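Here the structure is laid out as structure tokens; the discussion comes afterwards.
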2 protein chains.
Amino acid sequence: MAMTTGRSAGRVRLEDVAVLAGVSMKTVSNVVHNYEHVSSTMRGRVQAAIDELGYRPNLTARRLATGKTGMIALAIPEMDQFYFAEMARHIGEEAGRHGYRIIVEQTLNDVEAERAVIRDREEGLVDGVIFHPARIDTLEIARLRPGTPLVLLGEAARPVNTDHVMIDNTSAARDGVEMLMRSGRRRIAFLATVRGDITESTHLRLLGYQEALLAAGIELDPRLVLQSDGFSIDDGVRAISAAIEAGVTFDAVLCRDDLFALAALRALGQAGLRVPEDVSVLGWDDTAVARYSTPALSSVSPDKRALAAVAFGLLEERMQGYDGVGRHQIVPHAIIERATT
Amino acid sequence: MAMTTGRSAGRVRLEDVAVLAGVSMKTVSNVVHNYEHVSSTMRGRVQAAIDELGYRPNLTARRLATGKTGMIALAIPEMDQFYFAEMARHIGEEAGRHGYRIIVEQTLNDVEAERAVIRDREEGLVDGVIFHPARIDTLEIARLRPGTPLVLLGEAARPVNTDHVMIDNTSAARDGVEMLMRSGRRRIAFLATVRGDITESTHLRLLGYQEALLAAGIELDPRLVLQSDGFSIDDGVRAISAAIEAGVTFDAVLCRDDLFALAALRALGQAGLRVPEDVSVLGWDDTAVARYSTPALSSVSPDKRALAAVAFGLLEERMQGYDGVGRHQIVPHAIIERATT
DNA sequence: GTTGACATTTACAGCGCTATAGATTAGCGT
DNA sequence: ACGCTAATCTATAGCGCTGTAAATGTCAAC
């Protein structure tokens, strides 16, 4: 047993290979990188030394030397929330395809954690950041303007000079409501506005809901816009149960996310209402639970793959030096009909 | 030549701060690290320079110098699967508490990707790896024996010399079956063995299921051990529907994961069977969907937080130099009863 | 005053790799 | 043979930080 100072036990370095092969370090580096102008004899000799010693390049050193890390940070509120987990997967795959790896940062809905993301907490650690903010607004992000390339996901409260990709929430909500109306629904509830929600999403979706109704000549009934005390499933259940008990009637519910749609399923079941016979339920985000629930949820489906691809694309341009104004991109959405409508 | 390769535009370095403050680099470093033996005048002067220049340390350089990265890799099959997403969250939080960050590696059930994890793909990038293998067995892992500290999650096909943490699947299955029997169930089905499943988990759970039944003096009925063609919800639905159509009767189902439990809910509903009146359903993993489904799923609940904490603890010891034999740790589980039992 | 014994601060050699510039060799037309 | 270009290969200066060893200051105790 060789005695090592706590640190990485006598790791094999590039120089060791060079010495064994009797060549310069640069030549070893060249064969490691498959540089073309290396004679095949040389390549063979070096490769043999690499194999013999079991050399593997130290990525940290490489990074310091090149200034590129090959990693991007993905900052999301919670990685076990369906929507974010799915986005993380897509972004991870997309990044992988382009030779990047991702490191996931959970902000856990903490303002300070989100600020830390923007303030280059990752300095020198990642080449870029994809960030889905939950607590801080785009204005503040613009103010803290990080040095690392950044792309935002999700709603932008107002136009800012930061790259940004999202779906058109308002138009998606309109599409959802129109779909419900096509199947004859007229009294459509919105589940729900959430107390203390500082994100723009709910608002935009509500707006689309109202626009569609008005466009169809249906008068808005404020009692159909449900109110929830929080984002949990129980909050959702309470919101809808309260409405039912208060005598509010409706034949469809547009939900701000799939979780609220599950809440609707539960509350309606408890009230003895059948889905979709008595009430249609339309979720939002089209996460895996939509497929797994019984009855399977219809849901407004953002094109997550496109979201990931576009976000990564914008980021890549920034990483390659683009330094122009912030760009806003809209990716497509669809209404996926399953068993609840 | 100031003509550097497109590299990071004039970033502020430690040396810049040192020059501005008129002190040595080491002193700046000391201030950055809150080293105690720094006079407060000095600290103030240096801090002012840091603030003025907006200096932020380059983590890559720090890493190269210290040999510690402060990061651990978490390698899991897919990060959008409920169980893995939740484990990722817990491990991320646990690591964060100890000053580490995680980088998530999706192996996507690919054998080569899993081998790459073991073969130190992360060389010099992370201080340790927590790995939940899906395709390669523990024997192969032992053979490829990586240089980086490693802790395994999930079942070990056989004792190996690698740290490893899991719940006692067999005993958990027994507990689950006993709970079902206590509520009077006698014909308990197992959903399901999966064709092509090379993991040990299903097998161990099935074993526990059988042990509990035998211990209660109930004869094993092979028709109650359902067979599925795959891991998807539809595979699960088909497996259970086929059994029902074949005239197999049962009053409870122990499922190998929550997804199959949702499948059971769906198939039973389609067959007009009520849950839990006619058939009890017990899921496994106690993922968020268990709480969200209607009726809410009862589920075998591994203590994920403990799993994360123990795994991280073992890894930390390895990272600090422990080099003894592989340790196996069992963490607690519980049976969470909700509405399906 | 001096002397230790500490507390502070500094100088500088790495960490392992890449990249630039220059040295060497090879290939070829005349 | 000779000159010239192109193909290979080498030497070495960083990348930005930390750790070590040594230098300098400070202060209480003689």
Side-chain angles (χ1 to χ4, degrees), chain A residues 4-19 21-46 49-50 53-70 120 122-125 127 147, chain B residues 1-19 21-46 49-50 53 55-70 120 122-125 127 147:
Chain A
T4 67
T5 55
R7 102 169 30 192
S8 57
R11 271 250 131 281
V12 180
R13 293 158 311 145
L14 185 60
E15 187 172 9
D16 302 327
V17 178
V19 169
V23 302
S24 76
M25 285 168 61
K26 182 65 217 225
T27 297
V28 178
S29 173
N30 283 155
V31 349
V32 167
H33 288 279
N34 271 308
Y35 179 63
E36 55 175 340
H37 297 304
V38 178
S39 67
S40 51
T41 22
M42 184 88 302
R43 191 181 298 278
R45 182 143 60 103
V46 172
I50 288 176
L53 296 176
Y55 169 71
R56 231 162 302 103
N58 178 314
L59 302 204
T60 299
R62 176 127 92 204
R63 273 155 196 205
L64 182 56
T66 59
K68 304 265 103 201
T69 71
D120 278 334
E122 318 298 345
E123 185 71 42
L125 221 187
D127 297 331
Chain B
M1 261 285 125
M3 230 349 3
T4 59
T5 51
R7 106 173 21 193
S8 57
R11 269 249 131 281
V12 179
R13 292 158 310 145
L14 184 59
E15 186 171 10
D16 302 327
V17 178
V19 169
V23 302
S24 76
M25 285 168 60
K26 183 66 215 220
T27 297
V28 178
S29 173
N30 284 154
V31 170
V32 169
H33 288 278
N34 271 308
Y35 179 63
E36 55 175 338
H37 296 304
V38 177
S39 67
S40 51
T41 22
M42 183 88 307
R43 191 180 297 277
R45 181 142 61 103
V46 171
I50 288 176
L53 296 176
Y55 169 70
R56 232 161 302 104
N58 178 314
L59 302 202
T60 299
R62 177 127 92 203
R63 274 159 194 199
L64 182 57
T66 60
K68 304 266 103 202
T69 71
D120 276 336
E122 318 299 346
E123 185 70 44
L125 221 187
D127 297 331

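Worth saying up front: this structure is predicted, and the values here are computed from it rather than measured. Each chain gets a letter, A, B and so on, in the order its sequence line appears, and its residues count up from 1.
- Minimum interatomic distance between B:Tyr55 and B:Leu14 (heavy atoms only, all atoms of both residues): CE1-N, 3.4 Å.
- Atom pair A:Ile50:CD1 and C:dC17:C1' shows a separation of 13 Å (rounding to whole Å applied).
- For the pair B:Lys68 NZ and D:dG19 P, the computed distance is 12 Å after rounding to whole Å.
- Comparing D:dT18, D:dC17, C:dG16 by their closest approach to the side chain of B:Tyr55 singles out D:dC17.
- The separation between A:Arg13 atom CZ and C:dC15 atom P is 6 Å, rounded to whole Å.
- The CG atom of B:Asn58 sits 17 Å away from the P atom of C:dC17 (whole-angstrom rounding).
- With contacts defined as side-chain heavy-atom distances shorter than 4.5 Å, the pair A:Thr69/A:Leu125 does not qualify.
- Contact annotation: the side chain of B:Val28 never approaches that of B:Met25 to less than 4.5 Å [non-hydrogen atoms, C-beta and beyond].
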Contact list (N/O, under 3.5 angstrom) for nucleotides 7-10 of chain C vs protein:
| from | atom 1 | to | atom 2 | distance (Å) |
| --- | --- | --- | --- | --- |
| C:dT8 | OP2 | B:His37 | ND1 | 2.9 |
| C:dT9 | OP1 | B:Ser39 | OG | 2.8 |
| C:dT9 | OP2 | B:Ser39 | N | 3.1 |
| C:dT10 | OP2 | B:Ser24 | N | 3.1 |
| C:dT10 | OP2 | B:Ser24 | OG | 3.2 |
| C:dT10 | OP2 | B:Thr27 | OG1 | 2.5 |

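- Protein atom CG of B:Asp16 is 13 Å distant from nucleotide atom C1' of D:dC17, rounded to whole Å.
- Atoms CG (A:Leu59) and C1' (C:dC15) sit 14 Å apart, rounded to a whole Å.
- Nearest heavy-atom pair, A:Gly70 versus A:Asp127, reported as atom, atom and distance to 0.1 Å: N-OD2, 2.8 Å.
- Contact check for A:Arg62 versus A:Val32: side-chain heavy atoms found under the 4.5 Å cut-off.
- Taking side-chain N and O atoms only, B:Ser29 has a distance below 4.0 Å to OP1 or OP2 of D:dT18.
- Atom CG in A:Leu64 sits about 4 Å away from atom C1' in D:dC15, given to the nearest Å.
- Looking at every heavy atom in both residues, A:Arg56 comes nearest to A:Arg11 through NH1-NH2, 4.4 Å.
- Using a 4.5 Å heavy-atom cutoff, the side chains of A:Arg13 and A:Asn58 are not in contact.
- Between A:Asn34 and A:Arg43, the closest side-chain pair of non-hydrogen atoms falls below 4.5 Å.
- Judged by distance alone, with hydrogens and angles left aside, the side-chain atoms of B:Thr60 form no donor-acceptor pair with the main-chain N or O of A:Leu64 at under 3.5 Å.
- The CD-P distance, from B:Glu15 to D:dT18, rounds to 14 Å in whole Å.
- Comparing the helix axis at one end of the helix from C:dG1-D:dC30 to C:dT30-D:dA1 with that at the other, each defined from 5 consecutive pairs, gives an inter-axis angle of 50° (nearest 10°).
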